[in-house]
Engineer: 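Just passing along the structure, written as structure tokens.
Order of listing sets the numbers, starting from 1, for every ligand and every atom in it.
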Amino acid sequence: MTSSLAVDDGLHDDGTSGFLPGEITRGWARVAAALPARVGEREFETWLRALAPGACDGDELTLTLPSPFLRDWVRGHHGDLIESLVRAEMPGVARVIFGVAPRPGGAISGTRPAVAVASEAAIVQAAPSPQQAAAIRSVTNDLAAPLDERYTFDSFVVGKPNEFAYACARRVAERPSSPGFNPLFLYGGVGLGKTHLMHAIGGELTRSGRVSVAYMSAEKFMYRFIAAIRSQSTMEFKEQLRSVDVLMIDDLQFLIGKESTQEEFFHTFNALVDAGKQIVVSSDKSPSDLSGIEDRLRTRLGCGMVADVHATTFELRMAILSAKANSAQVSVPPKVMEFLAHKITTNVRELEGALNRLIARAKLVGAPISIETVPEVLHDILRAHDRRLTIEEIQKRVAEHFHIRLTEMTSQRRARAVARPRQVAMYLAKQLTGRSLPEIGRRFGDRDHTTVMHAVTRVQQLMETDATFAEDVELLRRMLES
Ligand code: ADP
Ligand code: MG
């Protein structure tokens with residue numbers, strides 16, 4: 001086990017690793033240098049600073065942390081990111097394993113008290129930082145998931161689409177179990193800040209130190225419930241649940257169709273509300289749209305405060321980007337932010353991810369972020385968000401442009417006044433949609449693919465000889481692409 005702490009020496013001698021002396025150290029140094037930009041300086045200092053490379057066995061690299069608690073946290077919150085960075089920076093490593101090992105040099109065995117972490121056979125317990133201690137406190141009865149320190153009310157950017165949900169969340173954090181606000185039901189699309197608000201409520205209440213908070217995903221709830229059944233400890237599970245002051249269940253839609261778990265949740269829910277405890281629930285659907293959730297549960301869920309987190313607006317996305325750039329202390333040109341806010345419209349997490357990538361990249365190459373580098377750095381994200389242009393949209397726009405009826409796009413009329421626009425639409429469909437010639441033909445009134453081919457060549461010829469026509473087509477193309 002101690003050999004797993006050997007960083008540089010001996011690793012390559014066992015014949016199992018293809019790494020040369022120093023390679024692991026250097027590779028890991030690159031990963032560690034890239035991490036703060038990806039997770040934030042504070043997160044890095046709080047949780048990731050203690051990460052150390054251990055043994056490399058074949059293509060499997062072990063990374064160690066000083067306690068099981070830290071290991072679980074880091075694996076759960078940043079495992080995927082760390083693995084992808086390791087893969088990128090240390091070719092030859094295919095998998096990362098997180099282990100526990102005392103810090104080299106016994107630096108942690110000083111005078112600070114150790115913290116016992118539930119039921120794990122810890123090798124050495126590192127003393128937690130204040131932030132870690134707060135996270136541990138929130139793990140009520142070893143029941144709930146830790147709260148993410150970054151998700152606070154302060155770091156939540158408020159705009160029209162989310163101001164109501166925000167106000168409700170604040171209100172619950174200030175005065176839990178107020179009549180009319182229990183349960184608080186937050187709903188809205190993916191990546192719009194529901195989990196963020198729940199953690200903010202939990203964090204605020206935990207810091208106040210007056211109440212015990214349990215936050216968990218509905219999936220975790222179910223998993224715990226099933227585990228309790230298996231180990232015949234459902235009574236204990238129920239008692240634990242019912243002992244908290246505030247219970248927050250995230251992504252309730254996960255319980256759709258899971259009847260016995262719903263039943264259990266329903267009873268817990270009733271017991272807690274009857275005892276004057278606060279419930280906060282999130283879901284991607286409103287209570288009335290949660291088909292597959294029992295009627296009586298849906299009714300109860302909807303009888304407190306139901307707050308919809310709406311899709312973001314351009315203004316809100318700009319505000320979020322500038323807040324994130326500010327807190328990362330990076331200057332991001334407004335043009336870049338506008339570009340991102342236009343392109344990535346549905347999910348704040350992806351918006352954030354794109355910005356983080358630009359920031360990380362700029363730091364890596366030591367150059368400021370500029371609009372020129374955006375497409376290169378974000379090509380995969382942008383491609384996924386490129387609006388899928390349909391043949392119908394093209395037909396509609398072209399028909400409007402040439403003042404002909406939409407039905408002419410599929411009609412058999414061959415008069416020039418309708419045949420030419422139809423050809424232009426076929427040409428644009430070929431250029432902009434990636435559909436095959438036969439498919440395009442089918443959508444234009446069941447025409448043959450040779451007709452489409454002919455239209456494409458004809459339009460190209462005309463564009464070369466007729467400047468006005470070429471301008472027209474270009475204008476249409478730009479309109480469709482924007
Ligand atoms: P949901 O739970 O609704 O799917 P999350 O709460 O996980 O969404 O949000 C996804 C990411 O976007 C998080 O990192 C969160 O901090 C961020 N985010 C979402 N909305 C906002 C906002 N209004 N202000 C700041 N960050 C936000
Ligand atoms: Mg969520």
Side-chain angles (χ1 to χ4, degrees), residues 37-44 46-47 76-78 80-81 144-170 172-173 184-204 215-222 247-256 280-286 289-290 306-328 330 332 337 340-341 343-360 381 385:
R38 300 295 294 270
V39 302
E41 283 290 346
R42 218 177 76 178
E43 180 81 0
F44 178 79
T46 309
W47 302 107
H77 285 74
H78 301 298
D80 291 346
L81 169 69
L147 296 166
D148 192 318
E149 290 268 321
R150 288 169 305 167
Y151 295 165
T152 60
F153 285 121
D154 281 346
S155 65
F156 191 83
V157 181
V158 187
K160 267 260 165 306
N162 58 26
E163 64 186 4
F164 182 65
Y166 174 83
C168 294
R170 270 227 106 113
V172 165
L184 172 61
F185 190 103
L186 298 168
Y187 79 94
V190 178
L192 298 182
K194 301 181 297 295
T195 298
H196 187 133
L197 285 175
M198 291 176 106
H199 282 247
I201 297 173
E204 193 98 348
Y215 162 88
M216 73 185 102
S217 64
E219 186 177 3
K220 176 101 175 266
F221 180 89
M222 180 171 105
L247 176 64
M248 301 201 273
I249 302 288
D250 205 350
D251 290 320
L252 191 88
Q253 72 275 3
F254 183 82
L255 295 190
I256 286 177
V280 182
V281 164
S282 86
S283 157
D284 64 354
K285 296 183 191 68
S286 73
D289 287 337
L290 275 171
V306 178
D308 183 353
V309 189
H310 296 275
T312 55
T313 55
F314 178 76
E315 288 71 31
L316 179 58
R317 292 194 293 279
M318 285 297 284
I320 290 173
L321 285 170
S322 94
K324 308 261 174 204
N326 246 339
S327 80
V330 174
V332 181
M337 294 202 273
L340 295 179
K343 285 282 183 183
I344 305 173
T345 54
T346 50
N347 184 327
V348 178
R349 183 177 295 109
E350 289 189 22
L351 190 65
E352 236 182 332
L355 181 68
N356 286 342
R357 213 142 101 188
L358 291 174
I359 293 175
I381 298 180
H385 283 269

Engineer: At less than 4.0 angstrom from any non-hydrogen atom of Gly193, what atoms of ligand 1 do you find?
Structural biologist: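 Counting atoms of ligand 1 from 1, those under 4.0 Å from Gly193 are 1 (P), 3 (O), 5 (P), 6 (O), 8 (O), 9 (O), 19 (C), 20 (N).
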Engineer: Between Leu197 and ligand 1, find which residue part has any heavy-atom pair under 4.0 Å and reply side chain, backbone, both or neither.
Structural biologist: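 Answer for Leu197: neither.
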Engineer: Does an N or O from Gly191, backbone or side chain, lie closer than 3.5 Å to an N or O of ligand 1?
Structural biologist: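 Yes, Gly191 has an N/O under 3.5 Å of an N/O on ligand 1.
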Engineer: For the residue pair Lys285 and Tyr187, what are the closest heavy atoms and their distance?
Structural biologist: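 Looks like O-CB, 3.4 Å.
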Engineer: Would a distance-only check, ignoring hydrogens and angles, find a side-chain to backbone donor-acceptor pair under 3.5 Å from His199 to Thr152?
Structural biologist: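 Checked: no pair found.
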Engineer: Mark yes or no for whether Lys343, through its side chain, and Leu351, through its backbone, hold a donor-acceptor pair below 3.5 Å.
Structural biologist: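 No, the answer is negative, given that no donor and acceptor are paired below the 3.5 Å cut-off.
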Engineer: Run the contact test for Gly159 against ligand 1 with a 4.0 Å cut-off on heavy atoms, strictly below, and give the result.
Structural biologist: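 No, that is not the case, since the closest heavy atom of the residue is not under 4.0 Å from the ligand.
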Engineer: Can you check whether Lys160 reaches Leu316 side chain to side chain, under 4.5 Å on heavy atoms?
Structural biologist: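 No, side chains not in contact.
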Engineer: Nearest protein heavy atom to atom 11 (C) of ligand 1, by residue and atom, and its distance?
Structural biologist: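 Its nearest protein heavy-atom neighbour is Glu352 OE1, 3.4 Å.
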Engineer: Could a heavy atom of Met198 be found less than 4.0 Å from some atom of ligand 1?
Structural biologist: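 Flag not set, Met198 not near ligand 1.
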Engineer: Is the shortest heavy-atom distance from the side chain of Asn162 to the side chain of His310 under 4.5 Å?
Structural biologist: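 They are not in side-chain contact.
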Engineer: May I ask you to list the atoms of ligand 1 that are less than 4.0 angstrom from any heavy atom of Val190?
Structural biologist: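 Selected atoms, number and element: 4 (O).
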Engineer: With side-chain contact (heavy atoms from CB on, under 4.5 Å) as the criterion, how do Arg150 and Ser155 come out once you've worked through the C-alpha distance, each side chain's angles and the decisive distance to 0.1 Å?
Structural biologist: CA-CA 7 Å; Arg150 288 169 305 167; Ser155 65; 5.6 Å; no
Engineer: Can you tell me if Arg38 uses its side chain to pair, donor with acceptor, with the backbone of Ala360 under 3.5 Å?
Structural biologist: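 Judged by distance alone, no pair lies under 3.5 Å.
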Engineer: Nearest to atom 18 (N) of ligand 1, what protein heavy atom do you find, and at what distance?
Structural biologist: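 Here the closest protein heavy atom is Val348 CG1, 3.3 Å.
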Engineer: Return the closest protein heavy atom for atom 23 (N) of ligand 1 as residue, atom name and distance.
Structural biologist: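 Closest protein heavy atom to atom 23 (N) of ligand 1: Val157 O, 2.8 Å.
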Engineer: Could you tell me, atom by atom, which parts of ligand 1 come under 4.0 Å of a heavy atom of Gly189?
Structural biologist: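 It comes down to these atoms of ligand 1: 3 (O).
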Engineer: What heavy-atom pair brings Ser282 and Lys194 nearest, and what distance separates the two atoms?
Structural biologist: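 Minimum heavy-atom contact is CB-CB, 4.2 Å.
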Engineer: Can you name the closest pair of heavy atoms from Ser283 and Phe185 and give their distance?
Structural biologist: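 Closest heavy-atom pair between Ser283 and Phe185: CB-CZ, 3.6 Å.
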Engineer: For atom 16 (O) of ligand 1, grab the closest protein heavy atom and report residue, atom and distance to one decimal in Å.
Structural biologist: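 Residue, atom and distance for the closest contact: His196 ND1, 2.7 Å.
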Engineer: Taking distance alone, with N or O pairs closer than 3.5 Å, would you say Leu192 contacts ligand 1?
Structural biologist: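 Among all N and O atoms of Leu192, at least one is under 3.5 Å from an N or O of ligand 1.
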Engineer: With respect to the Mg ion (ligand 2), please indicate if Met198 possesses an N, O or S atom at a distance under 2.8 Å.
Structural biologist: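 So Met198 does not bind the Mg ion (ligand 2) by this criterion.
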Engineer: Counting both backbone and side chain atoms, is some N or O of Phe156 under 3.5 Å from an N or O of ligand 1?
Structural biologist: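 No, there is no polar N/O contact under 3.5 Å.
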Engineer: Which ligand 1 atoms are under 4.0 Å away from a heavy-atom of Ser155?
Structural biologist: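 Here the atoms of ligand 1 in question are 24 (N), 25 (C).
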Engineer: Measuring only between side-chain heavy atoms, which start at C-beta, is Asp251 closer than 4.5 Å to Glu219?
Structural biologist: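 They are not in side-chain contact.
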Engineer: Any side-chain heavy atom of Ile201 sitting closer than 4.5 Å to one from Leu184?
Structural biologist: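 Yes, at least one pair of side-chain atoms sits under 4.5 Å.
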Engineer: What is the nearest protein non-hydrogen atom to atom 26 (N) of ligand 1, stated with its residue, atom name and distance?
Structural biologist: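 Nearest neighbour among protein heavy atoms for atom 26 (N) of ligand 1, to 0.1 Å: Lys324 NZ, 3.0 Å.
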Engineer: State whether the side chain of Glu204 and the backbone N or O of Ala173 hold a donor-acceptor pair below 3.5 Å, judged by distance alone.
Structural biologist: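 Side chain of Glu204 to backbone of Ala173, a donor-acceptor pair under 3.5 Å: no, none is there.
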Engineer: Does any N or O of ligand 1 fall below 3.5 Å from an N or O anywhere on Ile320, backbone included?
Structural biologist: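 No; every N/O pair is 3.5 Å or more apart.
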Engineer: May I ask you to identify the nearest protein heavy atom to atom 10 (C) of ligand 1, giving residue, atom name and distance to one decimal place in Å?
Structural biologist: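 Minimum-distance protein heavy atom for atom 10 (C) of ligand 1 reads Arg349 NH2, 3.6 Å.
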Engineer: Give the atom numbers and elements of ligand 1 that come within less than 4.0 Å of a heavy atom of Asn162.
Structural biologist: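 Per the distance check, 23 (N).
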